[in-house]
Every structure is written in structure tokens, then in C-alpha cells.
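So the structure is just underneath, and the comments pick up after that.
As a basis for the values below, the full set of heavy atoms in this structure was taken, side chains included, without hydrogen atoms, waters or symmetry mates. Just so we're clear, the structure is a prediction, and the values are computed from it rather than from any experiment.
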Amino acid sequence: MLTSREELDAELGEAARAWLDAALAEAADDATRSGAAADDAARPYTPAGGAARSGAADDASRTAASPYASPSWELRYAAAGRHCGQRHADSVRSLLLVEARAPLASVTRLYDQGTAAERRAVLLTLHLLDLGDTALPLVEDALRANDTRLVAAAVGPYAADHLAPHAWRHAVLKCLFTEVPVAAVARLADRARGDTELARMLTDFAAERTAAGRPVPEDLRTALALTAPAGHPAPPTAAPAPTEES
């Protein structure tokens with residue numbers, strides 16, 4: 001769970017708070033400068049304003065063109081755990097992404113080059129950024145991983161809003177395969193309701209486990225029950241299904 005700025009201020013020491021203040025100021029400054037450059041570049045060219053507009057646009061394009069150029073707040077992002085503690089790192093990194101109004105280029109760079117913890121913070125924050133569905137490749141990558149921390153973060157609100165039905169169903173199954181609690185799946189009840197294809201996939205999975213003499217996870221029964229249309233009973237799982245004790 002992400003922690004608010006107010007909660008962080010109450011829990012962090014003086015040095016960590018000062019570091020966070022500076023980091024967020026850098027992120028906000030970068031967002032302001034990027035917004036100004038974009039606005040300037042969008043203005044129609046006029047002889048009087050042309051030189052100033054061209055300079056700002058050139059600066060922005062030079063930054064975007066260089067694969068090595070990244071704003072200073074991205075370095076702060078990587079250092080969050082060292083300065084604010086690993087327990088608060090996700091929340092601090094999320095605040096930085098939001099304050100910077102992180103564009104897709106920054107989000108992708110931080111995910112691709114980051115540690116598992118840094119990737120998790122990106123995934124946890126995607127729904128708070130104005131990215132539309134452009135960050136779906138990051139979610140899809142995380143769902144191919146075997147790191148349960150990434151899988152759990154990948155099935156949050158952003159996936160609920162943007163994953164196509166087929167990919168979302170497989171994300172639910174991925175949670176069952178990797179023993180990530182289905183409680184991590186954002187809006188599971190809403191998206192599962194009346195989904196007969198998800199019900200079929202879950203029933204097949206339950207039957208496979210039963211045939212192999214393996215227990216059917218309780219989370220599978222939970223997810224399957226949610227696929228029933230409103231006012232209808234849940235479809236049955238394969239029976240008899242062995243339990244952990246049997």
C-alpha cells in the first residue's frame with residue numbers, strides 16, 4: 001500500500017524529509033519546464049517569438065534525442081530506498097513519478113533499467129499518471145515474470161482499466177499459478193461478473209489440478225464465484241476437489 005506525503009512526513013526522520021523535499025522540488029521543476037517547452041513548441045511560429053520558441057523546442061528535443069539524458073529526479077528515484085528506507089521506497093518513488101508528471105519515456109526507462117523494487121513502484125503508480133494505455137507493455141512484461149511482487153503490482157488499477165479481456169483473464173490465472181492472492185487483482189468482482197470465458201478457464205484449471213491429485217486453491221473458488229451473473233449461483237468447480245488436508 002502506498003503512503004501519503006502527510007503520513008511519510010510523520011514517519012520519516014529530519015534528514016529523510018529534507019531529502020524528499022528536495023527530490024520532489026526537482027521533480028516539480030522538471031514537470032514545469034517540460035510543460036513550458038511543450039506549450040512553446042505548440043505555438044504557431046511568429047517572427048517576433050520565433051527565436052525564443054525555437055530555443056526551448058531545441059532544448060527539449062536535445063533532451064529527448066539523447067539516450068543518456070535523464071532528469072535529475074530519476075536519479076533520486078533510484079536512491080529513494082537509501083535515503084528514506086526500504087519500507088517507504090515505493091511511496092517515495094510513487095510521489096516522485098506523480099510530481100514529475102512522468103512521461104512514458106521516463107516511466108519506461110525507470111522500469112527497464114530498474115531493480116525489481118524500482119519496477120514495482122512504477123507498476124503501482126501507472127494509474128496515477130496520464131499515460132492512457134501506452135504503458136501496457138510494462139504490465140505485460142511484469143506478468144511474464146515469476147517475481148510475485150511484480151505480478152501483484154501489475155494487476156492493480158491500471159491493468160483493470162486497460163488490459164484487454166483475454167490478457168486480463170490470463171493475468172488472473174497467473175496470480176493463481178504463482179500463488180499471488182486474487183485480492184491483489186483490482187476490480188476483480190466488476191470484471192469477472194458474468195465472464196463465462198473466465199469461468200471456463202478457471203473450471204478447466206480446477207479440473208486439471210483435481211485430476212493430478214492436487215488441491216484446488218481457495219482463491220480459485222473465490223474468483224470462480226465472482227464470475228456468476230448477478231442473482232445467479234456460482235458455477236461449480238470440479239468435484240470432488242482434494243483439500244490441503246486430504
Side-chain angles (χ1 to χ4, degrees), residues 1-2 90 94 104 107-108 111-112 114 116-129 131-246:
M1 180 182 294
L2 297 175
D90 281 346
S94 181
L104 181 63
V107 168
T108 301
Y111 182 89
D112 287 345
E118 291 162 24
R119 291 183 171 199
R120 182 179 65 245
V122 166
L123 295 167
L124 290 172
T125 312
L126 289 177
H127 67 292
L128 301 175
L129 304 173
L131 298 172
D133 63 0
T134 60
L136 274 176
L138 307 185
V139 172
E140 292 163 352
D141 178 82
L143 289 172
R144 289 191 292 269
N146 291 319
D147 188 328
T148 55
R149 297 169 301 171
L150 295 184
V151 174
V155 292
Y158 186 84
D161 289 340
H162 297 291
L163 269 183
H166 179 75
W168 182 82
R169 294 179 190 119
H170 280 277
V172 174
L173 283 178
K174 177 76 174 193
C175 289
L176 294 171
F177 288 142
T178 57
E179 299 183 354
V180 169
V182 294
V185 182
R187 289 177 41 214
L188 175 62
D190 290 341
R191 289 202 60 165
R193 186 176 298 113
D195 190 334
T196 56
E197 178 59 16
L198 178 61
R200 182 196 65 77
M201 294 167 69
L202 293 172
T203 302
D204 288 350
F205 181 42
E208 290 171 8
R209 291 186 66 94
T210 300
R214 302 180 65 190
V216 175
E218 190 59 37
D219 264 2
L220 187 150
R221 302 177 192 279
T222 299
L224 185 59
L226 293 172
T227 65
H232 290 72
T237 55
T243 63
E244 296 287 354
E245 289 77 22
S246 62

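- No side-chain heavy atom of P217 sits less than 4.5 Å from a side-chain heavy atom of E179.
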**Verdict with reasoning, V216 to R221, per side chain to side chain contact (heavy atoms under 4.5 Å, CB included)** = CA-CA 8 Å; V216 175; R221 302 177 192 279; 3.8 Å; yes

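- Distance alone, capped at 3.5 Å, places no donor-acceptor pair between the D133 side chain and the H162 backbone.
- Not one N or O on the side chain of R120 forms a donor-acceptor pair closer than 3.5 Å with the backbone of A153.
- R187 is not listed as a side-chain neighbour of P157, based on a closest heavy-atom distance of 4.5 Å or more.
- Formation of a donor-acceptor pair under 3.5 Å by the K174 side chain with backbone atoms of A145 is found in this model.
- Two residues are said to be in side-chain contact when any heavy atoms from C-beta on lie closer than 4.5 Å; L202 and L176 meet this criterion.
- Contact annotation: the side chain of L143 approaches that of L163 to within less than 4.5 Å [non-hydrogen atoms, C-beta and beyond].
- One N or O on the side chain of T203 and one on the backbone of A199 form a donor-acceptor pair closer than 3.5 Å.
- Side-chain atoms of Y158 come within 3.5 Å of backbone N or O of G132 as a donor-acceptor pair.
- At distances below 3.5 Å, not a single donor-acceptor pair connects side-chain atoms of T227 with backbone N or O atoms of A223.
- Within the 4.5 Å cutoff, the side chain of R119 has heavy atoms near those of the L150 side chain.
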**Request:** Go through the steps for H170 and M201 under the test side chain to side chain contact (heavy atoms under 4.5 Å, CB included), then give the verdict.
**Result:** CA-CA 9 Å; H170 280 277; M201 294 167 69; 3.7 Å; yes

**Message:** Between C175 and D219, does the side chain to side chain contact (heavy atoms under 4.5 Å, CB included) criterion hold? Intermediate values first, please.
**Reply:** CA-CA 9 Å; C175 289; D219 264 2; over 6 Å; no

